[in-house]
*Asks:* 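Take a look at the following structure, please.
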There are 2 protein chains.
Amino acid sequence: MGTRSIKEVAQLARVSVGTVSNVLNRPEIVSPATRERVFEAIRELGFVRNEVARHLRVGRSRTVGLVVLDVSNPFFADVAQGAEAVADEHDTMMMLCNSAADPERERRHLDQLEQQRVLGVLITPVDAASPRLAQLSARGTPVVLVDSAAAGPQCSVAVDDRLGGRLAAAHLVERGHRRIAFVGGPLSIKQVADRHAGASAAVAAAVAGEGAELVDFEIASLGVAAGRAAGERLAALPESARPTAAFCANDLLALGFLQAMSLRGLRVPEDVAIVGYDDIDFAAAAAVPLSSVRQPRELLGRTAIELLLEEVSAGDEHRHRQVIFQPDLVVRESSKAVRRDA
Amino acid sequence: MGTRSIKEVAQLARVSVGTVSNVLNRPEIVSPATRERVFEAIRELGFVRNEVARHLRVGRSRTVGLVVLDVSNPFFADVAQGAEAVADEHDTMMMLCNSAADPERERRHLDQLEQQRVLGVLITPVDAASPRLAQLSARGTPVVLVDSAAAGPQCSVAVDDRLGGRLAAAHLVERGHRRIAFVGGPLSIKQVADRHAGASAAVAAAVAGEGAELVDFEIASLGVAAGRAAGERLAALPESARPTAAFCANDLLALGFLQAMSLRGLRVPEDVAIVGYDDIDFAAAAAVPLSSVRQPRELLGRTAIELLLEEVSAGDEHRHRQVIFQPDLVVRESSKAVRRDA
DNA sequence: AGATTCTTTTGAATCGTCTCAAAGCCTGGT
DNA sequence: ACCAGGCTTTGAGACGATTCAAAAGAATCT
């Protein structure tokens with residue numbers, strides 16, 4: 001193993017370990033001659049500083065953990081990218097962990113991050129109220145909730161999901177739809193529940209134009225396959241009972257749903273309109289460009305890590321903050337047709 | 001900070017630190033009574049093992065780094081997912097790093113990973129021949145190349161990109177196309193160069209049916225926007241000079257390219273056929289379902305980390321291996337029309 | 001030359017955990 | 001009562017870097 005220590009460098013440069021450490025951390029206080037000699041030794045030995053030892057001594061890591069619900073959802077990739085950009089500027093590393101919406105995996109990741117004494121954790125929790133999170137933060141690891149509003153005393157960055165749901169459903173109602181499917185689940189995930197609640201409220205409010213209803217297609221996961229399955233279920237209904245529009249809790253579902261429509265020969269938006277959520281880049285490129293509720297993805301990530309770093313450096317006088325962004329609706333082909341009653 | 005050490009646990013449980021350590025690492029050699037007392041103390045104090053100190057002592061981390069060219073390309077998300085699944089089984093963490101195809105960022109990430117003394121590095125390098133990689137591995141950090149064949153003596157997992165390029169181009173030639181655009185770049189990225197070379201070879205081989213040619217649309221990056229730009233460029237050509245088909249170096253490009261076609265009113269596949277690469281899930285869901293060269297994405301990740309872990313545990317008697325998978329072509333709407341000459 | 005500063009360099013202590021030789025404690029045999 | 005041999009437990013080093021009080025050297029001033 002070619003891994004050399006500061007001691008060997010010191011020996012070769014004929015100085016003490018303290019001096020080598022100084023060269024590494026405050027080169028300006030070391031005389032130029034010595035400094036050069038030490039650099040020379042470092043080069044010659046191929047010395048690489050052991051961050052682990054440094055961290056042990058200093059007591060503070062340069063790594064933050066980011067735990068997301070689904071790495072392969074481009075929404076989270078974008079959030080991660082936003083966060084990473086900021087982390088980079090503070091030369092901090094990011095560990096990206098995938099909980100796959102499984103509380104057990106989430107717990108394992110949190111355990112590991114805590115054991116590593118990371119600087120802090122950004123997390124889109126499976127369950128924001130989980131005691132594990134409170135515990136983590138109580139024990140001294142700052143936690144920032146991402147895409148999920150904080151219940152307890154912690155920082156969080158979220159987008160108003162109720163509003164998003166409302167926007168989507170109101171739009172569909174306004175386009176003349178009276179029976180609207182909600183595709184999403186599990187409802188234990190806050191985002192899903194909120195989007196559902198928002199949609200539900202919007203549909204109820206439309207009661208003025210009497211009798212609009214939201215039909216739930218609850219599903220167990222949030223991927224393309226689940227969306228397709230829900231689409232199949234909907235397509236199998238007799239036309240009289242079939243919703244004329246679907247609001248999907250995210251774009252992956254919407255994409256899958258759209259595939260099912262085309263497989264079953266239903267036209268979008270004429271037979272069934274679709275609105276997705278997140279406005280990932282692929283939404284606009286879909287077979288039928290998808291209407292979607294847009295969220296500021298990178299900004300979400302950026303803001304989250306900024307809050308975290310702020311919390312770390314502020315120490316005691318840190319005041320937790322809950323940042324909430326507003327989503328907006330992007331209308332595309334998939335919901336453009338106007339429904340003239342049923 | 002509520003972070004307690006093994007020493008405090010020892011004190012509370014009235015045993016020595018050695019015993020606490022034993023309880024943690026080899027509970028079976030500790031008497032049940034003592035063990036229970038220690039566990040009790042751990043619980044009471046909320047003790048969390050300091051992995052950093054452990055690592056310093058043991059000299060070996062439980063983290064591997066994965067450096068990819070673009071986190072927001074679903075292809076890499078899938079590779080990461082495959083790798084993570086295996087890492088998980090060996091309770092090893094993964095640090096996902098994004099080089100964004102920038103050698104400078106890549107270097108920084110490698111520096112940091114080396115300083116952290118990670119168990120090893122999985123990397124899709126910007127430049128597989130970079131001396132930094134050889135150096136890393138020479139200094140004792142195992143490196144496995146992902147989606148890129150090893151030049152020097154290291155492990156690698158790749159897919160035969162020449163073959164992939166050949167399949168794509170041969171398919172287009174066989175469909176009657178004689179002037180085929182290649183959209184991709186920079187050619188300094190091995191995968192792009194190989195796909196190009198394969199396509200080039202296939203086109204040349206078709207010379208039997210005289211005069212097929214490959215027209216390069218070299219671009220600087222591999223995202224949707226670059227694909228769109230290339231599409232615009234192609235669409236701007238007079239019909240007589242315009243390629244009737246495009247082979248894109250990845251699906252993001254293909255998706256962007258497709259968008260440009262529809263913006264410019266060119267029909268796919270009638271006016272321009274498209275073949276992408278990677279077969280990400282979104283390819284099938286595109287406006288016109290995309291033909292694409294499929295790669296075993298998760299398998300790539302799984303295999304890479306398996307090789308890495310093997311190398312770590314085998315130590316000296318490890319023999320480097322270069323694994324190569326075969327891609328295959330998935331034909332969909334975007335290339336289905338047959339061209340009856342031009 | 002001697003006193004006084006200022007600049008450099010030193011080296012021991014420390015962070016939290018693991019390891020391992022040595023010490024302690026038991027049990028049973030004689 | 002004494003000892004051999006099997007469990008348990010102990011505690012003194014590592015591991016590699018940082019810190020900081022103190023020592024050593026240089027420079028400046030009387």
*Asks:* Quick one: does any side-chain atom of B:Arg54 pair with a main-chain N or O of B:Arg49 as donor and acceptor, under 3.5 Å?
*Replies:* no

*Asks:* Treating primed atoms plus P, OP1 and OP2 as sugar-phosphate and everything else as base, which nucleotides of nucleotides 15-22 of chain C get B, S or - for protein heavy atoms under 4.0 Å?
*Replies:* BBBBB---

*Asks:* Reckon A:Val15 touches a base, only the sugar-phosphate, or nothing at all at heavy-atom distances under 4.0 Å?
*Replies:* sugar-phosphate

*Asks:* Would you classify A:Ser31 as touching base, sugar-phosphate or nothing, given that sugar-phosphate means primed atoms plus P, OP1 and OP2, and contacts are heavy atoms under 4.0 Å?
*Replies:* sugar-phosphate

*Asks:* Applying ring pair (Phe, Tyr, Trp, His ring centres under 6.0 Å), can you list everything that pairs with A:His318, at least two apart in sequence or on another chain?
*Replies:* A:His320

*Asks:* Taking only side-chain nitrogens and oxygens of B:Thr19, does any of them come within less than 4.0 Å of OP1 or OP2 of D:dT10?
*Replies:* yes

*Asks:* Given 3.5 Å as the limit, does a donor-acceptor pair link the side chain of A:Arg26 with the main chain of A:Val23, or not?
*Replies:* no

*Asks:* Name the closest nucleotide to the B:Val30 side chain, picking from C:dT10, D:dT10, D:dT9.
*Replies:* D:dT9

*Asks:* Whole Å only: how far is the CD atom of B:Glu36 from the P atom of D:dT8?
*Replies:* 15 Å

*Asks:* Decide yes or no on salt bridge (charged side-chain N to carboxylate O under 4.0 Å, His left out) for A:Arg108 and B:Asp88, but give the supporting numbers first.
*Replies:* CA-CA 9 Å; A:Arg108 279 219 311 281; B:Asp88 241 48; 2.4 Å; yes

*Asks:* Can you find a side-chain donor-acceptor pair between A:Asn50 and B:Gln115 that sits under 3.5 Å?
*Replies:* no

*Asks:* Can you check the B:Gln11 CD to D:dT10 C1' distance for me, whole Å?
*Replies:* 15 Å

*Asks:* Using atom CZ of B:Arg35 as one end and atom P of D:dC7 as the other, report the distance to the nearest whole Å.
*Replies:* 15 Å

*Asks:* Between the main-chain N or O of B:Thr124 and the side-chain N or O of B:Asp147, is there a donor-acceptor pair closer than 3.5 Å?
*Replies:* no

